[in-house]
Amino acid sequence: MTIFARLLSRLTAPRPLGRVIISAAAAVAAAAVLITAAPAGAVVTTVGPITVGVQPRSSTAYTEAARPATYANPSGDPVLHGTGVYAIYWDPTDHYWSEWQSAIDGYLEQAGAASGNLSTVFAVDSQYTDKSNRPAVYSQSYKGSYVDYHAYPTPGCVDPEPLLLSDQIGLVFEGPATAVCLTSAQMASELEAFIARQHLPTGLGNVYYLLTPPGVTVCLDGGKDAGHCSDYAVASEESYEHSFCSYHADINPGGLPTGDANTIVYAVIPWTAGGFGDNRLLVGDRRPGWECQDAGINPAAKGGYKLEEEKPETPTEKTENEKKDPEEKEEVALKHLLEGPHEQEPNQQACPSTAGTCDYGLFDLIVNQISLQQEDMVTDPLLNAWQDSAKYENTDECRFLFGPVQGGGVTANLETFAGTLYDQTLGSGTYYLNDAFNLAAYRLPYPGATCTNHVNLAPKFTAPNPVNSGEIVGFDGMESDIDLDAGIDYSAAGAPQANYATYTWNFGDGSPEVSGYAPGSPTCETPWLSPCAASEYHSYQYGGTYNVTLTVKDVGGNIASVVHPITVDGPAPPSSAGGAGSGSNGSATSNASAGQTPGSGSTAAPGAVPAPIAAASIVRQSLHNALHRGLVVSYSVNEQVAGHFEVLLSRTIARRLGISGPAATGLPAGSPAEVVIAKALLITTKGGRNAVHIIFPKRTAARLAHVHRVPLMLRLIVRNAAKGSPATTTVVTSVTLDG
């Protein structure tokens, strides 16, 4: 027997299913049923007494989702403005294996630690608001996990297809078969009682995940073949159409549409990851779980992330296949498993493990369900907020969409039948998480990514070439890359209204800041609001080098700035002491970008020692290298100087990242506040060129290691060797480092 035949037989050995038998040939036929069955609607739905936001299994080939007719929160009902996250494993039989718990808990901790990082999928949710006009800030705080050993009640439902259990939960021991089927009412009752027993907090500031182990099925109703359950019968299309992977709901005793202090927001996460690679399950129960990860994709397929469609056999192919011997047919069946839809397990460890299993990576499928429910709970916690006209929630608009992929491979492993793709990096962990819906791209007429797994916020403009005083010059902030540039906020009366990103210009010459929306002066045309300031004209009265700062605030409240110097030829300000005019404070200090001569267009006062000429720039490098090896800076001076380098970071960004440092002083009037996050001395004995490595403090480096990109400003302050009153030059340049 070939290795292919051995592997296939291990996964498709006959297993009684009540009314069907799964064999090697039937396995392929069963897979075809899953490919052709229509999926249940991924909607907010009511089944019996409970209303839930459900994540159904997905079985059809991916087709581009229709643009929703509406996606709104017309009444401004609550979103979550930060969440404490609790995980509860209801597992009295101790079958939620410790390695799975450790990995899931690790994910929750890393997702919380990455709060505020725009490079994660959760940052997309910050554009959604409620009547408070506060965005659904990406702020998860992991509050820990707990194993609930409270015994399961008498089953309240009938599992459409229970595992063939020799002991409980598929362990291969002799003994009577048992099965556990719990209703949504039983899950809610247990959670409510557990929270009361443990004196845990309620209200909209916390969310709870209730997880069950393999073999425990959850149903929204009484179950059976037509039931709405986390399990399904392979031979029943009806059962499959009604099956689901997870759901979220709320316990709201007061019944208020805004909830109250007693409201509980929660998600139920049954074990729906299948069992490929798990030799603790009986062979017939080792089935795939990709339908609950939507990961049967081929990133190389034309058009992007799409499932490989099942193609019917042509008459010629059918004749050829009938001529194949059994071993050849088994190899074809195995090829179908390897190349067809399959899950992705980026965290799969050495396979097989010391226990002889390859099931560690199955937790990746559960993590994706937690991620989906987190985003849907944040934007629609009480099932009355952000939905489209068909009651699709945030992640429902982006089913099957993962990416852009950061690493790993799509090819299925022979042991796990899973690939290793990942599209999220949270701390030291890599994960494969479904995209989120970007309302901003939906609202604006020009092309945008309506489904994305991160947020871009990169203010950009091109500084004009050296200009003359009195000339009118333009600054185009519409170069900026802003994902969350359009949204909805609410009037004082609670009515939804358009909202857009704001642009603020500081021209560095002491003139008032200019703030407004896109596209530019003097008026905004539909759909923009007034005042307008994405593009601006400005003129300078005096010569000198000025730092022009563009600060952008997107609709999620995220803020970023960029600074570029502009050199103006013209007379020095009247208050200048004769040095190069700064234009902002009239001091004798000049500000110049790398490669420029400070004070261009101005002259020194009679008898004064000329300021030294210096230039400095940050060498192009990755943020990762800068944090580990030091920020590489090249510089040049024309004479002997002494001074220091300062690396500056916007105070707003520093606060968000938890980075502390002294306030940067001596900035031009009206400049955004900056803090000094790293320094290095510079002492030369003669003019020339060289380079330095500026080392970040360990705490600062650790904080910056969690971001995808960061804008930095470099300031070099040097003085010459003149006795008495040495002349000083300040050189400023800026750069944005990517991870």
Go through the structure and list residues passing side chain to side chain contact (heavy atoms under 4.5 Å, CB included) with [X], not counting sequence neighbours.
{"X": "Ser353", "result": "Ala355, Thr357"}
{"X": "Asp250", "result": "Asn252, Leu382, Leu383"}
{"X": "Asn456", "result": "His454, Asp481, Asp483, Arg709"}
{"X": "Pro74", "result": "Ala72"}

Please round to the nearest 0.5 Å and tell me the distance separating atom [atom1] of [X] and atom [atom2] of [Y].
{"X": "Tyr266", "Y": "His248", "atom1": "OH", "atom2": "NE2", "result": "10.5 Å"}
{"X": "Gln293", "Y": "Arg57", "atom1": "CD", "atom2": "CZ", "result": "13.0 Å"}
{"X": "Asn434", "Y": "Leu401", "atom1": "CG", "atom2": "CG", "result": "7.0 Å"}

Among all residues two or more places apart in sequence or in another chain, which pass the side-chain hydrogen bond (donor to acceptor under 3.5 Å, both in side chains) test with [X]?
{"X": "Thr120", "value": "none"}
{"X": "Tyr89", "value": "Asp105"}
{"X": "Ser428", "value": "Gln110"}

Heavy-atom distance under 4.5 Å between the side chains of [X] and [Y], does that happen here?
{"X": "Asp130", "Y": "Thr258", "result": "no"}
{"X": "Met187", "Y": "Tyr247", "result": "yes"}
{"X": "Leu439", "Y": "Trp386", "result": "yes"}
{"X": "Thr452", "Y": "Asp435", "result": "no"}

Could you list the residues that satisfy ring-ring contact (aromatic ring centres under 6.0 Å, His included) with Trp90, not counting sequence neighbours?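 Residues passing ring-ring contact (aromatic ring centres under 6.0 Å, His included) with Trp90: Tyr152.
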
Which residues pass the ring-ring contact (aromatic ring centres under 6.0 Å, His included) test with Phe194, sequence neighbours left out?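 With neighbours one apart ignored, the set is Tyr146.
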
Positive for side-chain contact (heavy atoms from CB on, under 4.5 Å) with Thr45, one of Ile50, Thr51, Val52: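 Looking at Ile50, Thr51, Val52, the match for Thr45 under the side-chain contact (heavy atoms from CB on, under 4.5 Å) is Val52.
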
Closest approach of [X] and [Y], non-hydrogen atoms and distance?
{"X": "Ile104", "Y": "Ile366", "result": "CD1-CG2, 3.8 Å"}
{"X": "Ala501", "Y": "Asp554", "result": "CB-CA, 3.9 Å"}
{"X": "Asn438", "Y": "Val124", "result": "CA-CG1, 4.2 Å"}
{"X": "Pro135", "Y": "Gly556", "result": "CG-O, 3.5 Å"}
{"X": "Gly275", "Y": "Leu362", "result": "CA-CD1, 4.1 Å"}
{"X": "Pro270", "Y": "Phe244", "result": "CG-CE1, 4.3 Å"}

Side chain to side chain donor-acceptor pair (under 3.5 Å) pairs, two or more places apart, involving residues 203-215: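 Sorted pair list: Tyr209-Gln374.
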
With sequence neighbours left out, which residue pairs that include part of residues 357-381 fulfil the salt bridge (charged side-chain N to carboxylate O under 4.0 Å, His left out) condition? Arg280-Asp359

Which residue pairs pass the salt bridge (charged side-chain N to carboxylate O under 4.0 Å, His left out) test when at least one of the two sits in residues 195-215, sequence neighbours left out? Asp148-Arg197, Glu190-Arg197

Between [X] (side chain) and [Y] (backbone), is there a donor-acceptor pair under 3.5 Å?
{"X": "His81", "Y": "Gly205", "value": "no"}
{"X": "Gln127", "Y": "Ala440", "value": "yes"}
{"X": "His95", "Y": "Asp91", "value": "no"}
{"X": "Ser119", "Y": "Val707", "value": "no"}
{"X": "Gln140", "Y": "Val85", "value": "no"}
{"X": "Gln369", "Y": "Cys292", "value": "yes"}
{"X": "Gln186", "Y": "Thr183", "value": "yes"}
{"X": "Ser230", "Y": "Val218", "value": "yes"}
{"X": "Gln348", "Y": "Cys358", "value": "yes"}
{"X": "Gln344", "Y": "Thr420", "value": "yes"}

Do the side-chain sulfurs (SG) of Cys181 and Cys229 come closer than 2.5 Å?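 A disulfide is absent here, as the SG pair of Cys181 and Cys229 is separated by 2.5 Å or more.
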
Do Cys451 and Cys398 have their SG atoms less than 2.5 Å apart?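 Answer is yes, sulfur atoms closer than 2.5 Å.
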
Is the Tyr96 ring parallel, tilted or perpendicular to the Trp100 ring (thresholds 30°, 60°)? perpendicular

Look at the rings of Tyr232 and Tyr240 and say which category their plane angle falls in: under 30° parallel, 30 to 60° tilted, over 60° perpendicular.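 Tyr232 and Tyr240: perpendicular rings.
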
Any luck finding a side-chain donor-acceptor pair between [X] and [Y] under 3.5 Å?
{"X": "Thr425", "Y": "Gln406", "value": "yes"}
{"X": "Gln373", "Y": "Ser246", "value": "yes"}
{"X": "Gln55", "Y": "Asp396", "value": "yes"}

Ring centroid separation for Phe437 and Tyr71, is it under 6.0 angstrom? yes

So Phe122 and Val378, side-chain contact (heavy atoms from CB on, under 4.5 Å) or not? Walk me through it. CA-CA 9 Å; Phe122 305 109; Val378 164; over 6 Å; no

Output, in order, the C-alpha distance, side-chain angles, deciding distance and verdict of side-chain contact (heavy atoms from CB on, under 4.5 Å) for Thr272 and Leu365. CA-CA 8 Å; Thr272 53; Leu365 284 76; over 6 Å; no

Walk me through it: do Ser371 and Tyr107 pass the test side-chain contact (heavy atoms from CB on, under 4.5 Å)? CA-CA 10 Å; Ser371 165; Tyr107 157 76; 3.6 Å; yes

Full working for side-chain contact (heavy atoms from CB on, under 4.5 Å) between Thr379 and Glu393: CA-CA 8 Å; Thr379 57; Glu393 294 182 287; 5.8 Å; no

